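Before any comments, here is the structure.
Quantities reported herein were computed from a predicted structural model and do not represent experimental measurements.
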Amino acid sequence: MKKFLSAILVLCMIFSVTAAFAAGEDVKIVIDGEELIPTDAFGRTVSPIIENGSTFLPVRAIAKALNVSISWDGATKTVFIGSTGGNPSLGDNVNIFIDGAEFIAKDEAGSTVYPVLLNGTTYLPVRAIATAFGMSVAWDNATRTVTLTSPEPEKVDEAMLEGAATVKAGASFAIRNAKSGKYISITSEAAGSATAFSDTPVAWLLESVSEEHYQIVYGASSLALDVNGVSTAAGGNIIVWDKSGADNQLFAFTRQADGTYTITIKHSQLNVDTDGTQLIQNRASTDAAQRWVLVNTDAPVATVQATTATAKSGEKVAIKNVESGKYVSAASSSAGAATTFADTPAEWLLTSTGDGHFQIFFGSSNYAWDVSGASTESGGALIIWDKSGDDNQCFKITEDGNGTYTITAKHSQLNVGTDNSQLIQETASSSKTQRWTLEKVSGTTVTQVTGPIGN
């Protein structure tokens, strides 16, 4: 995939496009040593075109040759390369989106240049894009050949390759990052838990789903690596969730020459990467952080000791959204302040009302979760307000049985969810935006809460 995205992205920019184009029937295209004979969607051979000395290449043909998905949306005149997504603008020009992000081609002067539609085929210019995406490009005038070459992958320290094994369905492996040397782990054995890294090996079972794809299951549990929210965006985080066999839980392993593997997610076609603290998905690159070493676990292996605890009235917890992985916080410690989200835990005090419901106070303050205006409408915002004990400040916290909780407002019987910037109440659904994990925080130690919340 490293070559694939780098090379496909080769095809999108450089000099201004005007009037007529000359057919470049005698121009050869060589990508990483292999000659490409481009064809269109109907299998007919198509040739490069030449404009003012610049070579434009047919994008669909090259995507097909590189096994990179490509689709066309006629309504917005948009070419999607890799995963789909994004918000194309309507206009006269063709849009290009790469893995959900808009790509705007520039020439050497910094001016925008646009793809060309010719006889139903989209053409994109080559030289500046090849340079922009780290590929070298060469022109041999004698043979009329454009040669595109991917950069060499980052060299992996030989010490990282110790104990390297080969993928085998039904076998358990520890999975070590080839750059950091640390092993993939999790924060706790519960659905929605974040991935993490450990200095000691942690066992993962590879369960074959097809000839190419595997689920990566934590130890002897039923929890599998899962791209959170089925995101197709680069940077989307990877958690563990109950095994489902969905495409966002399926991974392909590609062995590299040095014995490492790249791991590609089926639904997004992005590679498994790391931001230093957890697994994320990212566009293919030559960075060693996207390469992984499988280590046999025939010998005894340390598995994560998931620490859990119970919670009850009078105790403080951090409340984390399963979908985003972010913690509920407040804009300020004052009446009427909006609820917000933070990357670090904020503490909330649980206080039983005696009827199975709780008030939820910000830290040690007297300000509690409050459905603003006592709204009973789906979408109503939650703020913090002076303690009143009214029903719009009372919430039922129900264990879902997999380490997560549903929180329901007493007065409206709507679930607490999020619009990504604040808490809102919503009609009940199976969305992970309405699922929460509770954590106890003591210094740098975080312990996940399980079981019913005690009165």
Side-chain angles (χ1 to χ4, degrees), residues 1 67 69 83 164-178 182-198 201-256 260-274 278-282 284 290-298 301-304 306 322-323 325 400-404 430-432 435 437:
M1 190 67 178
N67 197 31
S69 63
S83 58
T166 303
V167 163
K168 181 181 178 182
S172 289
F173 299 91
I175 305 174
R176 184 168 64 215
N177 186 259
K182 294 186 178 294
Y183 296 89
I184 299 175
S185 183
I186 57 177
T187 55
S188 65
E189 193 173 334
S193 292
T195 51
F197 288 94
S198 169
V202 174
W204 295 86
L205 175 67
L206 301 188
E207 291 189 351
S208 178
V209 177
S210 67
E211 186 175 338
E212 182 182 3
H213 291 97
Y214 299 82
Q215 283 195 292
I216 305 175
V217 180
Y218 170 67
S221 76
S222 61
L223 301 173
L225 292 183
D226 176 292
V227 178
N228 199 6
V230 200
S231 169
T232 57
N237 65 313
I238 298 174
I239 59 173
V240 288
W241 195 258
D242 298 303
K243 284 193 301 182
S244 69
D247 285 356
N248 66 314
Q249 289 190 0
L250 301 185
F251 300 83
F253 289 75
T254 303
R255 189 174 174 87
Q256 306 302 309
T260 63
Y261 285 88
T262 53
I263 306 176
T264 305
I265 303 124
K266 183 177 181 181
H267 83 292
S268 65
Q269 289 300 297
L270 298 177
N271 281 357
V272 175
D273 199 343
T274 168
Q278 65 179 336
L279 295 180
I280 60 171
Q281 61 180 2
N282 219 338
Q290 288 191 13
R291 302 222 292 286
W292 304 89
V293 179
L294 302 186
V295 179
N296 279 316
T297 58
D298 295 334
V301 174
T303 55
V304 109
V322 169
E323 172 77 5
D400 296 324
N402 57 4
T404 67
S430 60
S431 171
K432 292 180 186 177
R435 299 294 178 269
T437 57

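- Using a distance-only test at 3.5 Å, with no hydrogens or angles considered, a donor-acceptor pair links the side chain of T195 to the main chain of L279.
- For the atom pair Q278 CD and I186 CD1, the distance stands at 13.5 Å (nearest 0.5 Å).
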Side chain to side chain contact (heavy atoms under 4.5 Å, CB included) between I175 and L294, worked out:
CA-CA 5 Å; I175 305 174; L294 302 186; 3.9 Å; yes
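- Minimum heavy-atom separation, L205 to S172: CD1-OG, 3.8 Å.
- Relative orientation of the Y261 and F253 rings is perpendicular, given thresholds of 30° and 60° on the angle between their planes.
- Of all non-hydrogen atoms in S185 and S198, the two that sit nearest each other are CB-CB, 4.0 Å.
- For the atom pair OH (Y214) and CD1 (I263), the distance works out to 11.5 Å, reported to the nearest 0.5 Å.
- To the nearest 0.5 Å, the span separating NE2 on H267 from OG1 on T232 amounts to 6.0 Å.
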Between F173 and N296, does the side chain to side chain contact (heavy atoms under 4.5 Å, CB included) criterion hold? Intermediate values first, please.
CA-CA 5 Å; F173 299 91; N296 279 316; 3.3 Å; yes
With side chain to side chain contact (heavy atoms under 4.5 Å, CB included) as the criterion, how do W292 and N177 come out once you've worked through the C-alpha distance, each side chain's angles and the decisive distance to 0.1 Å?
CA-CA 5 Å; W292 304 89; N177 186 259; 3.2 Å; yes
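- Here the CD1 atom belonging to I239 is positioned 10.0 Å from the CG atom belonging to L225, to the nearest 0.5 angstrom.
- Counting only heavy atoms from C-beta outward, the side chains of F251 and T264 never approach each other to under 4.5 Å.
- Between V322 and K432, the shortest heavy-atom distance links the atoms CB-O, 3.8 Å.
- A donor-acceptor pair is defined here as one N or O able to donate and one able to accept, closer than 3.5 Å; such a pair exists between the side chain of Q281 and the backbone of A233.
- The main-chain N or O of I265 is never found under 3.5 Å from a side-chain atom of H213 such that the two would form a donor-acceptor pair.
- The closest side-chain heavy-atom distance from L270 to N282 is not below 4.5 Å.
- Rounding to the nearest 0.5 Å gives a distance of 12.5 Å between NZ of K168 and OG of S208.
- Nearest heavy-atom pair, Q215 versus G245, reported as atom, atom and distance to 0.1 Å: NE2-N, 3.1 Å.
- Between I184 and V202 the shortest side-chain heavy-atom distance does not fall below 4.5 Å.
- The closest side-chain heavy-atom distance from I216 to L206 is below 4.5 Å.
- Here CG of D226 is found 9.5 Å from CG of N237. Values are rounded to the nearest 0.5 Å.
- A 4.5 Å side-chain heavy-atom check between L223 and D242 finds at least one atom pair inside the cut-off.
- Taking W204 as the reference, Y218 meet the ring pair (Phe, Tyr, Trp, His ring centres under 6.0 Å) condition, with sequence neighbours excluded.
- Distance alone, capped at 3.5 Å, is enough to place a donor-acceptor pair between the S193 side chain and the S188 backbone.
- Contacts classified as salt bridge (Lys or Arg N to Asp or Glu O under 4.0 Å) and involving residues 205-218 (residues at least two apart or in different chains) are given here: E207-K243.
- Screening Q256, Q290, R291, R255 against T262 for a side chain to side chain donor-acceptor pair (under 3.5 Å) leaves a single residue, Q256.
- Side-chain atoms of N248 come within 3.5 Å of backbone N or O of V227 as a donor-acceptor pair.
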